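Each chain gets a letter, A, B and so on, in the order the sequences are listed, and its residues count up from 1. Bear in mind that the values here come from a model prediction, so they are computed numbers and not experimental data.
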Amino acid sequence: GAVVSQHPSRVICKSGTSVKIECRSLDFQATTMFWYRQFPKKSLMLMATSNEGSKATYEQGVEKDKFLINHASLTLSTLTVTSAHPEDSSFYICSAIFGTEGNQPQHFGDGTRLSIL
Amino acid sequence: AQSVTQLDSHVSVSEGTPVLLRCNYSSSYSPSLFWYVQHPNKGLQLLLKYTSAATLVKGINGFEAEFKKSETSFHLTKPSAHMSDAAEYFCVVTRLNTNAGKSTFGDGTTLTVKP
(Lines give C-alpha, C1' and ligand atoms only; values in the text may rest on other atoms or scores of the structure.)
Protein backbone atom coordinates (compact mmCIF):
# COMPACT_ATOMS: atom_id res chain seq x y z
CA GLY A 1 0.00 0.00 0.00
CA ALA A 2 0.90 3.64 -0.26
CA VAL A 3 3.43 4.78 2.32
CA VAL A 4 3.89 8.24 3.73
CA SER A 5 6.92 8.93 5.86
CA GLN A 6 6.92 11.78 8.33
CA HIS A 7 10.00 13.00 10.19
CA PRO A 8 10.88 13.62 12.88
CA SER A 9 8.50 11.61 15.03
CA ARG A 10 9.22 13.70 18.09
CA VAL A 11 10.80 17.09 18.68
CA ILE A 12 11.53 18.83 21.95
CA CYS A 13 12.98 22.32 21.68
CA LYS A 14 13.20 25.68 23.34
CA SER A 15 10.78 28.51 22.80
CA GLY A 16 11.77 30.70 19.86
CA THR A 17 13.22 27.85 17.82
CA SER A 18 12.00 27.08 14.32
CA VAL A 19 11.15 23.46 13.63
CA LYS A 20 10.85 21.76 10.24
CA ILE A 21 8.73 18.65 9.70
CA GLU A 22 9.04 16.61 6.51
CA CYS A 23 6.36 14.57 4.83
CA ARG A 24 7.33 12.22 2.01
CA SER A 25 5.28 9.93 -0.15
CA LEU A 26 7.61 6.99 -0.65
CA ASP A 27 6.00 4.94 -3.39
CA PHE A 28 3.64 7.29 -5.19
CA GLN A 29 3.49 10.83 -6.48
CA ALA A 30 1.16 12.84 -4.31
CA THR A 31 -1.28 15.11 -6.06
CA THR A 32 -2.03 16.91 -2.86
CA MET A 33 -0.68 16.90 0.66
CA PHE A 34 -2.47 17.99 3.79
CA TRP A 35 -1.23 19.19 7.15
CA TYR A 36 -3.26 18.60 10.28
CA ARG A 37 -2.95 19.46 13.93
CA GLN A 38 -4.42 17.21 16.56
CA PHE A 39 -5.01 18.18 20.17
CA PRO A 40 -5.24 15.52 22.88
CA LYS A 41 -8.41 13.45 22.68
CA LYS A 42 -9.57 15.49 19.72
CA SER A 43 -10.12 15.03 16.03
CA LEU A 44 -7.83 16.31 13.31
CA MET A 45 -7.89 19.99 12.47
CA LEU A 46 -6.91 20.79 8.89
CA MET A 47 -4.28 23.50 8.79
CA ALA A 48 -3.47 23.72 5.10
CA THR A 49 -3.60 22.00 1.75
CA SER A 50 -0.59 22.01 -0.51
CA ASN A 51 -0.09 21.14 -4.14
CA GLU A 52 3.29 20.70 -5.74
CA GLY A 53 4.69 23.91 -7.16
CA SER A 54 1.99 26.21 -5.85
CA LYS A 55 1.30 28.11 -2.67
CA ALA A 56 -0.44 26.29 0.11
CA THR A 57 -4.06 27.06 0.91
CA TYR A 58 -4.43 27.80 4.60
CA GLU A 59 -7.55 27.28 6.66
CA GLN A 60 -9.15 30.20 8.37
CA GLY A 61 -7.36 31.10 11.57
CA VAL A 62 -4.07 29.44 10.64
CA GLU A 63 -1.21 31.93 10.41
CA LYS A 64 0.66 31.37 7.17
CA ASP A 65 3.72 33.24 8.42
CA LYS A 66 3.79 31.06 11.49
CA PHE A 67 3.30 27.75 9.73
CA LEU A 68 5.33 27.81 6.52
CA ILE A 69 4.52 25.08 4.02
CA ASN A 70 6.72 24.22 1.08
CA HIS A 71 5.73 21.60 -1.47
CA ALA A 72 8.84 21.40 -3.61
CA SER A 73 8.14 18.12 -5.39
CA LEU A 74 5.43 15.53 -5.90
CA THR A 75 6.87 13.48 -3.08
CA LEU A 76 7.88 16.05 -0.46
CA SER A 77 6.12 18.68 1.58
CA THR A 78 7.55 20.44 4.60
CA LEU A 79 5.93 22.32 7.46
CA THR A 80 8.09 24.80 9.34
CA VAL A 81 6.82 26.11 12.65
CA THR A 82 8.61 29.43 12.95
CA SER A 83 9.59 30.91 16.31
CA ALA A 84 7.70 28.17 18.11
CA HIS A 85 6.12 28.86 21.49
CA PRO A 86 4.61 26.50 24.07
CA GLU A 87 1.12 26.99 22.63
CA ASP A 88 2.39 25.45 19.38
CA SER A 89 3.01 22.18 21.19
CA SER A 90 0.82 19.57 19.55
CA PHE A 91 0.69 16.47 17.38
CA TYR A 92 1.12 17.35 13.71
CA ILE A 93 0.09 14.87 11.01
CA CYS A 94 0.53 15.01 7.27
CA SER A 95 -1.31 13.07 4.62
CA ALA A 96 -1.06 12.65 0.89
CA ILE A 97 -3.37 11.59 -1.88
CA PHE A 98 -2.89 10.50 -5.44
CA GLY A 99 -5.67 11.47 -7.79
CA THR A 100 -8.95 13.10 -6.92
CA GLU A 101 -9.50 13.80 -3.24
CA GLY A 102 -13.09 12.74 -3.31
CA ASN A 103 -12.36 9.29 -4.67
CA GLN A 104 -9.09 8.43 -3.04
CA PRO A 105 -8.24 7.85 0.60
CA GLN A 106 -5.65 9.94 2.34
CA HIS A 107 -2.43 8.20 3.29
CA PHE A 108 -1.17 9.46 6.61
CA GLY A 109 2.25 9.83 8.11
CA ASP A 110 2.83 8.65 11.66
CA GLY A 111 2.75 12.18 13.01
CA THR A 112 5.20 14.46 14.81
CA ARG A 113 4.91 15.17 18.51
CA LEU A 114 6.15 18.73 18.99
CA SER A 115 6.92 19.92 22.51
CA ILE A 116 8.07 23.49 23.06
CA LEU A 117 9.64 24.22 26.42
CA ALA B 1 -21.86 21.58 2.76
CA GLN B 2 -21.11 18.37 4.61
CA SER B 3 -20.82 17.14 8.15
CA VAL B 4 -20.14 13.97 10.08
CA THR B 5 -21.49 12.89 13.45
CA GLN B 6 -19.99 9.98 15.30
CA LEU B 7 -22.75 9.13 17.71
CA ASP B 8 -20.61 7.61 20.45
CA SER B 9 -17.47 9.18 21.82
CA HIS B 10 -16.61 5.96 23.69
CA VAL B 11 -17.53 2.35 23.04
CA SER B 12 -16.49 -0.50 25.29
CA VAL B 13 -16.84 -4.16 24.33
CA SER B 14 -15.52 -7.46 25.56
CA GLU B 15 -13.05 -9.41 23.48
CA GLY B 16 -14.87 -11.73 21.10
CA THR B 17 -18.10 -9.72 21.05
CA PRO B 18 -19.39 -7.62 18.12
CA VAL B 19 -18.32 -4.04 17.54
CA LEU B 20 -20.61 -1.28 16.28
CA LEU B 21 -19.30 2.25 15.76
CA ARG B 22 -21.95 4.62 14.48
CA CYS B 23 -21.52 7.38 11.93
CA ASN B 24 -24.13 9.65 10.39
CA TYR B 25 -23.32 12.12 7.68
CA SER B 26 -24.89 14.92 5.77
CA SER B 27 -23.80 16.10 2.36
CA SER B 28 -25.19 18.29 -0.37
CA TYR B 29 -23.35 16.16 -2.91
CA SER B 30 -22.70 12.50 -3.60
CA PRO B 31 -20.38 11.55 -0.77
CA SER B 32 -17.32 9.45 -0.41
CA LEU B 33 -17.06 7.95 3.05
CA PHE B 34 -14.06 6.54 4.85
CA TRP B 35 -13.26 4.93 8.17
CA TYR B 36 -9.78 5.33 9.63
CA VAL B 37 -8.19 3.91 12.77
CA GLN B 38 -5.58 5.68 14.88
CA HIS B 39 -3.45 3.95 17.47
CA PRO B 40 -1.77 6.09 20.17
CA ASN B 41 0.87 8.49 18.84
CA LYS B 42 0.38 7.23 15.29
CA GLY B 43 -1.10 8.51 12.08
CA LEU B 44 -4.39 7.29 10.67
CA GLN B 45 -4.74 4.03 8.80
CA LEU B 46 -7.48 3.43 6.26
CA LEU B 47 -9.91 0.67 7.24
CA LEU B 48 -12.32 0.95 4.32
CA LYS B 49 -13.95 3.35 1.90
CA TYR B 50 -17.23 3.85 0.07
CA THR B 51 -17.14 5.66 -3.26
CA SER B 52 -20.50 4.88 -4.88
CA ALA B 53 -19.92 1.23 -5.70
CA ALA B 54 -21.24 -1.59 -3.49
CA THR B 55 -23.05 -0.30 -0.42
CA LEU B 56 -21.59 -3.01 1.81
CA VAL B 57 -17.89 -2.38 2.04
CA LYS B 58 -15.39 -4.81 3.45
CA GLY B 59 -12.17 -3.53 4.90
CA ILE B 60 -9.07 -4.72 6.63
CA ASN B 61 -8.90 -6.64 9.91
CA GLY B 62 -12.43 -7.99 9.56
CA PHE B 63 -14.19 -4.62 9.60
CA GLU B 64 -17.03 -3.73 7.30
CA ALA B 65 -19.46 -0.86 6.87
CA GLU B 66 -22.77 -0.39 5.11
CA PHE B 67 -23.69 2.80 3.31
CA LYS B 68 -27.39 3.53 3.88
CA LYS B 69 -28.45 6.55 1.92
CA SER B 70 -31.97 6.61 3.34
CA GLU B 71 -30.58 6.75 6.86
CA THR B 72 -27.51 8.83 5.94
CA SER B 73 -25.43 6.39 7.91
CA PHE B 74 -22.16 4.56 7.47
CA HIS B 75 -21.78 2.44 10.58
CA LEU B 76 -18.64 0.37 11.14
CA THR B 77 -18.98 -3.20 12.38
CA LYS B 78 -16.86 -6.19 13.23
CA PRO B 79 -18.26 -9.57 14.31
CA SER B 80 -15.68 -10.30 16.98
CA ALA B 81 -13.49 -7.74 18.72
CA HIS B 82 -9.82 -8.36 19.31
CA MET B 83 -7.66 -6.67 21.92
CA SER B 84 -5.63 -5.09 19.13
CA ASP B 85 -8.75 -3.27 17.91
CA ALA B 86 -8.58 -0.89 20.87
CA ALA B 87 -7.91 2.50 19.25
CA GLU B 88 -9.50 5.72 18.06
CA TYR B 89 -11.76 5.50 15.01
CA PHE B 90 -12.64 8.35 12.66
CA CYS B 91 -15.44 8.54 10.12
CA VAL B 92 -14.68 10.92 7.25
CA VAL B 93 -16.86 12.33 4.48
CA THR B 94 -15.78 14.10 1.37
CA ARG B 95 -17.31 15.01 -1.95
CA LEU B 96 -17.09 12.38 -4.65
CA ASN B 97 -15.30 13.14 -7.89
CA THR B 98 -13.85 16.46 -6.94
CA ASN B 99 -10.90 18.21 -5.45
CA ALA B 100 -13.07 21.18 -4.66
CA GLY B 101 -14.15 20.05 -1.25
CA LYS B 102 -12.21 19.11 1.82
CA SER B 103 -12.58 16.05 3.94
CA THR B 104 -14.69 16.45 7.06
CA PHE B 105 -13.66 14.35 10.04
CA GLY B 106 -15.91 13.12 12.79
CA ASP B 107 -14.88 13.75 16.37
CA GLY B 108 -13.75 10.17 16.77
CA THR B 109 -14.86 7.16 18.79
CA THR B 110 -12.58 5.56 21.34
CA LEU B 111 -12.95 1.80 21.28
CA THR B 112 -11.98 -0.06 24.44
CA VAL B 113 -11.75 -3.85 24.36
CA LYS B 114 -11.94 -5.65 27.68
CA PRO B 115 -10.35 -9.07 28.14
I'd like to know if [Y] and [X] are part of one continuous hydrophobic network [Ile/Leu/Val/Met/Phe/Trp/Tyr, side-chain heavy atoms within less than 4.5 Å].
X: A/Ile116; Y: A/Trp35; answer: yes
X: A/Leu79; Y: A/Leu76; answer: no
X: A/Val4; Y: A/Ile21; answer: no
X: A/Ile93; Y: B/Val92; answer: yes
X: B/Val113; Y: B/Ile60; answer: yes

Would you check, one step at a time, whether the test side-chain contact (heavy atoms from CB on, under 4.5 Å) holds for A/Lys42 with B/Asp107? CA-CA 7 Å; A/Lys42 294 291 185 182; B/Asp107 286 340; over 6 Å; no

A/Gln38 versus chain B, the contacting section by heavy-atom distance below 4.5 Å: side chain

Given that the side chain runs from C-beta out, which part of B/Gln6 has a heavy atom under 4.5 Å from chain A: side chain, backbone, both or neither? neither

Side chain, backbone, both or neither: which part of B/Lys49 has a non-hydrogen atom closer than 4.5 Å to chain A? side chain

With rounding to the nearest 0.5 Å, note down the distance linking [atom1] in [X] to [atom2] in [Y].
X: A/Ser43; Y: B/Glu88; atom1: OG; atom2: CD; answer: 8.0 Å
X: A/Phe91; Y: B/Gln38; atom1: CZ; atom2: CD; answer: 6.0 Å
X: A/His107; Y: B/Leu46; atom1: NE2; atom2: CG; answer: 7.5 Å
X: B/Phe105; Y: A/Met45; atom1: CZ; atom2: CE; answer: 12.5 Å

Enclosure of A/Lys66 NZ (heavy-atom neighbours >12, cutoff 6.0 Å): yes

Could you check whether any side-chain heavy atom of B/Ser103 comes within less than 4.5 Å of a side-chain heavy atom of A/Phe34, counting everything from C-beta outward? no

When every non-hydrogen atom of B/Asn41 is compared with those of A/Arg113, the smallest separation belongs to OD1-NH2, 2.7 Å

Nearest non-hydrogen partners of B/Leu44 and A/Phe108, listed with the distance: O-CB, 3.3 Å

Is it true that a side-chain atom of B/Tyr36 and a backbone atom of A/Pro105 form a donor plus acceptor pair closer than 3.5 Å? no

